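Here is the structure we will look at.
These numbers come from a predicted model, not from an experiment. In what follows, chains are A, B, ... by sequence order, proteins preceding strands, each numbered from 1.
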Amino acid sequence: MRFAPNPSGPLHLGHARAAVLNDAYVKRYGGKLILRIEDTDPARVFPPAYEMIQEDLRWLGVEVHEVVVQSSRLEIYYEYARKLIEAGHAYVCECTSEEFQKLKLAKKECEHRSKSVKENLEDFERMFTEYKEGEAVLRLKTGVDLRDPAMRDFPIMRISETPHPRVKARVYPLMNFSVAIDDHLLGITHVLRGKDHIVNTRKQEFIYRFFGWRMPEFIHYGRLKIEGVALSTSKIKEGIEAGRYASWDDASLGTLRALARRGFRSEAIRKAMLEVGVKQSDISFSWKNLFAYNRELIEPIANRYFFVASPVEVVIEGAPEFSREVRLHPDHPERGSRKLELTPEQGIASVFIAHSDYEKLREGSFMRLMEGFNIEIVEKGKEKAKARFHSFELDEAKRRKAPLIHWVPAQENIAVKVVKPDRIESGVGEPSLAKVKRDDVVQFERYGFARVDEVGEGVVAYYAHP
RNA sequence: GCUCCGGUAGUGUAGCCCGGCCAAUCAUGCCGGCCUUUCGAGCCGGCGACUCGGGUUCGAAUCCCGACCGGAGCACCA
């Protein structure tokens, strides 16, 4: 089998489906998976992508047995093109695409179709020397009166004068030609790809027939619609150049490296893609499903911390001296604990709570600072509230169905920035966050899971999901 | 317009080829409960679908026809 991306950028969720599914078939039934990089359109080649694609596949756990780069195989395509011309199955056409389209729709042959083999062979060589880009293509003689206009004498070789980063060339095979030649020569027995290739499969069938080759088995799966992310590699590239995205792993992108940066595990992505399968109907991919799979994987490893987004100050009168060890993970005492502390001065201490919690408070509200104690709101201002210490007992809070709210001491805390797909949220985190390391996946209680991306003055975390 | 494909709960999926064991599977989601010092995890319960209309048949999610809806392709991109 094969996975055949364009080297126009790193892999995204759409590629992951093709890669994972092909990999899964190979692992299940035995065989070989070839990574074939299809770089026959010099205009769309992004040089770093050759390496990025392989990195992404390794991350995904896709086992590649062989790597083939099409630009290294141009001579092979030329050779088979000549064979086709010699057999009278192809001709060099000088029509412009508009002219040919008109003829094609009218089921009319163009004047170049009736040239002799000799003339065609000569003209083909001229594509390497004389013709300019757009002046000539090599067409396959499939018939101009075929039912499907798309099938009629489609082109298989063209000229591009855009320099190619890997090779010096000007004549390139078109996708349907190089794919058919390679699939056969590389011994591909099963092709698993998106249904946007169904028409291509029928085109490639002509080439197989002309050479008398046996067709591989084809499986086409439907489109994957993913809410809210840009998947088109060319659009992402534009966005990066225009400054809308910081890089290929910008939190708002659907690239695999963006997901990895946010703390997604490749196993979760594999599972989601395997679950989606190879149905030919289109599907709306739901993030919630992927979140659930990922949560299952990271929940056991993510230590808990308090992070307060958009902090608002609450001043507590009569606050007790308070210090307490709390588990880093409720189910894993062996992982140790973190210390929550509050040191009042003259009976007054101040904490930050999240703006979203603050909004729900009223004067007289009774609430509990998680892992701490119960307080009562005395006075609520716009940006600050006054509260009074009430009691220590958790039971009291439960009995009164008080909200349990996470908090951070106002005097001692760490600046935290959480980068989410749609915005960056700033806030403060508890002092023990000083101990987290880059790449740790943590859970900010009552907020969500995130991966630590940067530690220094403060902490920068990339948000994964709730 | 032309060529081709597909339609099972909010989402994904099993079942369809080989009709009965399907008043339809599993997961996720949502709602509720228990537990828990998270809106997390776990446990328990609930919600929720065969697009519609004909036909064949003793019997249809499954076979046939039509309608409707959705999608893909019709490039000198892959």
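Listed by residue number, the members of residues 158-179 of chain A with any heavy atom below 4.0 angstrom from RNA chain B are A:R158, A:P173, A:L174, A:M175. Near RNA chain B, defined here as any heavy-atom distance below 4.0 Å, the residues from residues 102-115 of chain A are A:K104, listed numerically.
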I'd like a list of close polar pairs between nucleotides 60-65 of chain B and the protein, N/O only, cut-off under 3.5 Å.
none

Extract from the structure each pairing of a protein N or O with an N or O of nucleotides 5-8 of chain B at less than 3.5 Å, listing the distance.
from: B:C5; atom 1: O2'; to: A:Q280; atom 2: NE2; distance (Å): 2.7

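Every residue meeting the ring pair (Phe, Tyr, Trp, His ring centres under 6.0 Å) condition with A:F307, not counting sequence neighbours, appears here in chain and number order: A:F444, A:Y447. For A:A268, the side chain to side chain contact (heavy atoms under 4.5 Å, CB included) partners two or more places apart in sequence, or in a different chain, are A:L290, A:Y293, A:N294, A:L297. Contacts of A:Y131 classified as ring pair (Phe, Tyr, Trp, His ring centres under 6.0 Å), with partners at least two apart in sequence or in another chain: none. Under the side chain to side chain contact (heavy atoms under 4.5 Å, CB included) criterion, A:A302 pairs with A:R304, A:V441, A:Q443, A:F449, not counting sequence neighbours. Here A:R17 pairs with A:L21, A:Y221, A:L224, A:M273, A:V276, A:I283 under the side chain to side chain contact (heavy atoms under 4.5 Å, CB included) rule; sequence neighbours left out. With sequence neighbours excluded, the residues satisfying side chain to side chain contact (heavy atoms under 4.5 Å, CB included) with A:K27 are A:D23, A:E63, A:R270.
As judged by a 4.0 angstrom heavy-atom cut-off over every strand, A:F291 is placed among residues making no nucleic acid contact. Backbone-only contact: A:V276 has heavy atoms under 4.0 Å from sugar-phosphate atoms and none from a base. Among the heavy atoms of the strands lying under 4.0 Å from A:S284 are primed sugar atoms or P, OP1, OP2 only; no base atom is included. Using a 4.0 Å heavy-atom distance criterion, A:H220 is classed as making no nucleic acid contact.
Proximity of a side-chain donor or acceptor of A:R368 to a complementary backbone N or O of A:F392 within less than 3.5 Å is detected. Put simply, the side chain of A:N120 gets close to the backbone of A:V92: a donor and an acceptor are under 3.5 Å apart. Judged by distance alone, with hydrogens and angles left aside, the side-chain atoms of A:R327 form a donor-acceptor pair with the main-chain N or O of A:P330 at under 3.5 Å.
Between the side chains of A:Y91 and A:D123, no donor-acceptor pair of N or O atoms lies under 3.5 Å. A:S72 and A:R166 form a side-chain donor-acceptor contact under 3.5 Å, judged by distance and modelled atom types alone.
When the C1' atom of B:C77 is taken as reference, atom CZ of A:F154 falls 15 Å away, rounded to whole Å. Separating the CG atom of A:N200 from the C1' atom of B:A72 is a distance of 11 Å, rounded to the nearest angstrom. Computed from coordinates, the A:Y293 OH to B:C26 P distance equals 14 Å when rounded to whole Å. Remark: P of B:A72 and CD1 of A:I283 are 14 Å apart, rounded to the nearest angstrom. Going from atom CD1 of A:I156 over to atom P of B:A75 covers 17 Å, rounded to whole Å. Atom CG in A:N289 sits about 10 Å away from atom C1' in B:G10, given to the nearest Å. Going from atom NE2 of A:H12 over to atom C1' of B:A78 covers 11 Å, rounded to whole Å. B:G71 atom C1' lies 16 Å from atom OH of A:Y221, rounded to whole Å.
A gap of 16 Å separates the P atoms of B:U51 and B:C16, to the nearest Å. Rounded to a whole angstrom, the distance from the C1' atom of B:C58 to that of B:G19 is 12 Å. With C1' as the reference atom, B:C22 and B:A60 are 11 Å apart, rounded to whole Å. Remark: the separation of the P atoms in B:U8 and B:C50 is 10 Å, to the nearest Å. Nucleotides B:G1 and B:G10 are separated by 36 Å at their C1' atoms, to the nearest Å. Taking atom C1' in both B:U57 and B:C65, one finds a spacing of 16 Å when rounded to whole Å. Using atom C1' as the reference point in both B:G7 and B:U13, the two lie 15 Å apart (nearest Å). The P atoms of B:G20 and B:G32 are separated by 39 Å, rounded to the nearest whole Å.
At least one side-chain nitrogen or oxygen of A:Q101 sits closer than 4.0 Å to the OP1 or OP2 atom of B:A75. A:S8 has no side-chain polar atom (N or O) that falls below the 4.0 Å cut-off from OP1 or OP2 of B:A78.
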Inset, instruction - Using a 4.0 Å heavy-atom cut-off, write out nucleotides 34-50 of chain B from 5' to 3' as B (base contacted by protein), S (sugar-phosphate only) or - (no contact). - result: ---BBBBS---------
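With RNA chain B read from its 5' end, the first of the two nearest nucleotides for A:S286 and A:V199 is the one closest to A:S286. Both A:E275 and A:C93 sit near RNA chain B, but only A:E275 has its closest nucleotide nearer the 5' end.
Classification of the A:Y172-A:H164 ring pair by plane angle, with boundaries at 30° and 60°, yields parallel. Note on ring orientation: taking the six-membered ring where Trp is involved, the planes of A:W407 and A:F306 are tilted (angle from 30° to 60°).
The CE atom of A:M157 sits 8.0 Å away from atom CG of A:L74, with the distance rounded to the nearest 0.5 Å. Note that the CZ atom of A:R202 and the OG1 atom of A:T142 stand 11.5 Å from one another [nearest 0.5 Å]. Put simply, CE on A:M1 and CG on A:D183 are 10.5 Å apart, with the number rounded to the nearest 0.5 Å. The CZ atom of A:F128 lies 4.5 Å from the OH atom of A:Y78; values are rounded to the nearest 0.5 Å. Separation of atoms CZ (A:F3) and CG (A:N22) is listed at 8.0 Å; rounding is to 0.5 Å. The line from OG of A:S8 to CD of A:E38 is 11.5 Å long, rounded to the nearest 0.5 Å.
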Legend entry - Chi angles and distances behind the side chain to side chain contact (heavy atoms under 4.5 Å, CB included) call for A:N289, A:E275: CA-CA 10 Å; A:N289 287 327; A:E275 175 73 17; over 6 Å; no
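Annotated stems with RNA chain B as a participant read B:1-7 with B:68-74, B:10-12 with B:26-28, B:29-34 with B:42-47, B:51-55 with B:63-67, given as range with range, by first number; only runs of 3 or more Watson-Crick or G-U pairs under 3.5 Å qualify.
At a threshold of 4.5 Å between non-hydrogen side-chain atoms, the residues A:H329 and A:E299 count as touching.
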